[in-house]
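Below is one structure, written out as structure tokens, with a few remarks after it.
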There are 2 protein chains.
Amino acid sequence: MNWDDLRLFLAVARTGSISGAAKQLGVQHSTISRRMRQFEKNLGTRLIERKSGRYELTPAGENVKEVSDRIEREVLGFDGALAGEDAQLVGPLKVAALNNMASSVFMPMFASFNRKRPQIELHIIVANMDVSLPQREADIAIRLTNSPTESLIGKRIVTVASGIYGSRDYLRLLREKGGRPKWIGVECCGFHVTWTKRTSGSQSHNFYCDDTLLTLSAIREGLGISILPCFMGDTDPLLERYCAPDPAYNLGLWVLLHPDLKRSARVLAFRDHMVQEIKEKKDLFEGLRPQAGH
Amino acid sequence: MNWDDLRLFLAVARTGSISGAAKQLGVQHSTISRRMRQFEKNLGTRLIERKSGRYELTPAGENVKEVSDRIEREVLGFDGALAGEDAQLVGPLKVAALNNMASSVFMPMFASFNRKRPQIELHIIVANMDVSLPQREADIAIRLTNSPTESLIGKRIVTVASGIYGSRDYLRLLREKGGRPKWIGVECCGFHVTWTKRTSGSQSHNFYCDDTLLTLSAIREGLGISILPCFMGDTDPLLERYCAPDPAYNLGLWVLLHPDLKRSARVLAFRDHMVQEIKEKKDLFEGLRPQAGH
DNA sequence: AACATAATGTGCATATTTGCACATTATCGG
DNA sequence: CCGATAATGTGCAAATATGCACATTATGTT
């Protein structure tokens, strides 16, 4: 019996669907479907049954799930202990960061760390939702928040200011013709959604972006204005500030790690590197580098 | 992390070598070697180290072995429970039998079971050493022994008589010329080794066989005489008995299963089938069918 | 009932893993 | 030290697993 099938079954049991498990494990749903069928065939019994639109566990499946839960705890326990004590500056390192930051301001920082420490395999995980450090989905998370999860270790390195940006052409036309600017709708995170709603009033949108990078592109296209972090708005030559940053938009930039990993040499090496690099760009993050011409 | 790597690591930890683990798991040693290296790389730490001709565990490896032991217990626990309650006459069934019996007298019996129950996937495991039923290396074992493992369930179905056989030509020449016969050396099992030594006296051998099928072939070639079970000697037209079976050579033929599986429908179906088939050939096993012409 | 969407299944191409054969290294005995 | 054997490593072909694109089925809404 392949023990790894238990890990896969556990994902199906927890999500209640094949597509949910596929998403959680980062593989194709067809892979999950096939492996589950084969696993059940090997065992000679059904573990899951289709009921009212979701998969429910058979009695046998309940039993196997309990076992799999215990196995996961065992695995997470030693995995955490191993990684936490690892004094080697070698091996994999999973870093979770927001898509907008990872592909822009942070990428040069990742690259310089990679050049300095090529034996450490960097795995950048971009997601606009928090990845779970306790579940070892990542070793380090770089987060924008004013209230980080308390059980994680880390500090607020800089404050990230945000302002309202529009393209230069769009704003020039707006100044010539007057009138109210058009707001781009955002669905990237509750924070941006809330502030966009408050600032734009009851204006309705006909264009929505669920990622800040998309918002940036939409602004460049002249679709309107929107809230952007200054490190993005102030570094794009086609954009300019519609108005100055409002402290109400401020968020903290945190480099967080799980307590289990506080002695892992490569995690600490990466953290220290990022802290230093971020501090060197403190002005940019805090909105003190507006573009010339504003 | 692939949980199945833990199962593989456990085999290496227990056998102290890559080739040992490969043999235990039934895969190529190169597969073990590669997967272990990759597993260690993924973990970022060494689990095994080469010391005086064997692999020993690092401290981290000791920790992971304990976890893997516990996981194995979990897996064997539910696997046993699942299989034991399985009322389906479908799925895999692993049968362990000696090579000489599996390929001769039992094969027609396996075949008839397979024709009767094609939904049951028969896996015949031949080995001249006991495979472990508690470790689920097999579901059923057919064994020749006078003292089966007490914790297993099963009974002695027939007695297997053995006699000393030689080829017809060899024995005819021996009778014409007189003299003492030459004994073929055996290394197949302690039982045969002991009785060969006692019966042949201090005669030394220059030809050894470590499998009864090999012994049969050597006898056919006229290399000498040797002890063979009657079901083998009495069914080969080129062989005849050098002397009658000696009850001292008798062994019991047992069909054994693990207590966990005493309610598994397909295990019981196979057991019942074999018991019936073996009883139908009781005379042959007990040496009551000598060849005509003896 | 019709339609849209989500979830699952299937065929085929691609990627990955494994077996095989040979090479290299390590160990043991003379 | 040398030779034989056992254990491990490597390149390549074969086998297996997975991703992708599409098909089919299931579910929810109008």
Side-chain angles (χ1 to χ4, degrees), chain A residues 1-43 45-58 61 92 121 123 125-127 129 187 208 210, chain B residues 1-43 45-58 61 91-92 121 123-129 187 206 208 210:
Chain A
M1 187 181 96
N2 182 343
W3 291 0
D4 203 52
D5 288 337
L6 294 171
R7 181 174 63 96
L8 183 137
F9 160 73
L10 190 57
V12 175
R14 286 183 177 160
T15 58
S17 73
I18 285 176
S19 44
K23 190 160 193 169
Q24 190 178 103
L25 299 180
V27 297
Q28 279 285 313
H29 69 266
S30 50
T31 297
I32 300 286
S33 178
R34 289 186 189 115
R35 281 181 66 176
M36 269 309 304
R37 290 296 158 250
Q38 188 64 51
F39 186 38
E40 285 178 324
K41 183 178 171 188
N42 292 343
L43 285 184
T45 191
R46 298 301 306 263
L47 300 178
I48 54 179
E49 284 174 333
R50 194 86 174 139
K51 280 182 185 159
S52 49
R54 57 181 282 112
Y55 274 111
E56 297 194 354
L57 299 178
T58 62
E121 295 169 20
H123 299 265
I125 299 165
V126 295
M129 298 180 53
E187 299 173 321
Y208 289 84
D210 69 348
Chain B
M1 189 183 96
N2 183 343
W3 290 3
D4 203 53
D5 288 337
L6 295 171
R7 181 174 63 93
L8 182 137
F9 160 74
L10 190 56
V12 174
R14 284 182 179 160
T15 57
S17 73
I18 286 176
S19 42
K23 191 161 193 168
Q24 191 177 102
L25 299 181
V27 298
Q28 279 286 314
H29 69 268
S30 50
T31 298
I32 302 286
S33 178
R34 291 187 187 113
R35 284 181 63 175
M36 269 308 304
R37 291 296 158 247
Q38 188 62 49
F39 186 39
E40 285 178 324
K41 184 179 171 188
N42 293 343
L43 285 184
T45 192
R46 298 300 308 263
L47 299 177
I48 54 179
E49 283 175 334
R50 195 91 172 130
K51 281 185 187 160
S52 48
R54 56 180 281 112
Y55 274 111
E56 297 192 358
L57 299 179
T58 63
E121 296 169 21
H123 300 264
I124 312 300
I125 299 164
V126 295
N128 290 340
M129 299 178 53
E187 298 172 320
N206 60 6
Y208 288 84
D210 69 349

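Proteins come first, then strands; the chains are lettered A, B, ... in the order of their sequence lines, and each starts at number 1.
Contact annotation: the side chain of Lys41(B) never approaches that of Arg37(B) to less than 4.5 Å [non-hydrogen atoms, C-beta and beyond].
In this structure, CZ of Arg37(B) is placed 17 Å from C1' of dT18(C), rounded to the nearest angstrom. Between Lys41(B) atom NZ and dT17(C) atom P the separation is 12 Å, expressed in whole Å. Distance Glu49(B) CD to dT8(D) C1': 17 Å, rounded to the nearest Å. Remark: P of dA26(D) and CZ of Arg50(A) are 9 Å apart, rounded to the nearest angstrom. Spacing between atom CG of Asp5(A) and atom P of dT16(D) amounts to 16 Å, rounded to whole angstrom units. Whole-Å rounding puts the Lys51(A) NZ to dT27(D) C1' distance at 18 Å. For Lys23(A) and dT8(C), the NZ to P distance is 13 Å, given to the nearest whole Å. When rounded to the nearest whole Å, the span between CG of Leu25(A) and P of dA17(D) equals 17 Å.
We find the CD1-CD1 distance between Ile18(B) and Ile48(B) to be 5.5 Å, quoted to the nearest 0.5 Å. The distance from the CG atom of Leu57(A) to the CZ atom of Arg46(A) is 12.0 Å, given to the nearest 0.5 Å.
Listed pair Gln28(B) / dC20(C) meets the phosphate criterion, a side-chain N or O lying under 4.0 Å from OP1 or OP2. For Arg35(B) and dT17(C), the shortest distance from a side-chain N or O to OP1 or OP2 is not below 4.0 Å.
The side chain to side chain contact (heavy atoms under 4.5 Å, CB included) test applied to Asp5(B) returns Asn2(B), Arg35(B), Phe39(B), not counting sequence neighbours. With sequence neighbours excluded, the residues satisfying side chain to side chain contact (heavy atoms under 4.5 Å, CB included) with Arg14(B) are Leu10(B), Lys65(B), Asp69(B), Glu72(B), Gln135(B). Glu56(A) pairs by the salt bridge (charged side-chain N to carboxylate O under 4.0 Å, His left out) definition with nothing, not counting sequence neighbours.
Each end of the helix from dA1(C)-dT30(D) to dG30(C)-dC1(D) gets its own axis, taken as the rotation carrying the C1' atoms of four end pairs onto the next four within a five-pair window, and the two axes meet at 40° to the nearest 10 degrees.
Applying a 4.0 Å cut-off to non-hydrogen atoms, the residues of residues 11-22 of chain B that approach DNA chain D are Ser17(B), Ile18(B), Ser19(B), listed by residue number.
The minimum heavy-atom distance linking Met1(A) with Asp4(B) is given by the pair O-OD1, 3.8 Å.
If Arg54(B) and Val27(A) are placed on DNA chain D by their nearest nucleotide, the residue sitting closer to the 5' end is Arg54(B).
Remark: side-chain polar atoms of Glu49(A) are not paired, donor with acceptor, to backbone N or O of Thr58(A) under 3.5 angstrom.
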Tabulated below should be each protein N or O lying under 3.5 Å from an N or O of nucleotides 10-15 of chain D; please produce it.
unit_1	atom_1	unit_2	atom_2	d
dG11(D)	O6	Arg34(B)	NH2	2.5

All N/O donor-acceptor pairs, side-chain side in residues 19-31 of chain B, below 3.5 Å, sequence neighbours left out:
none

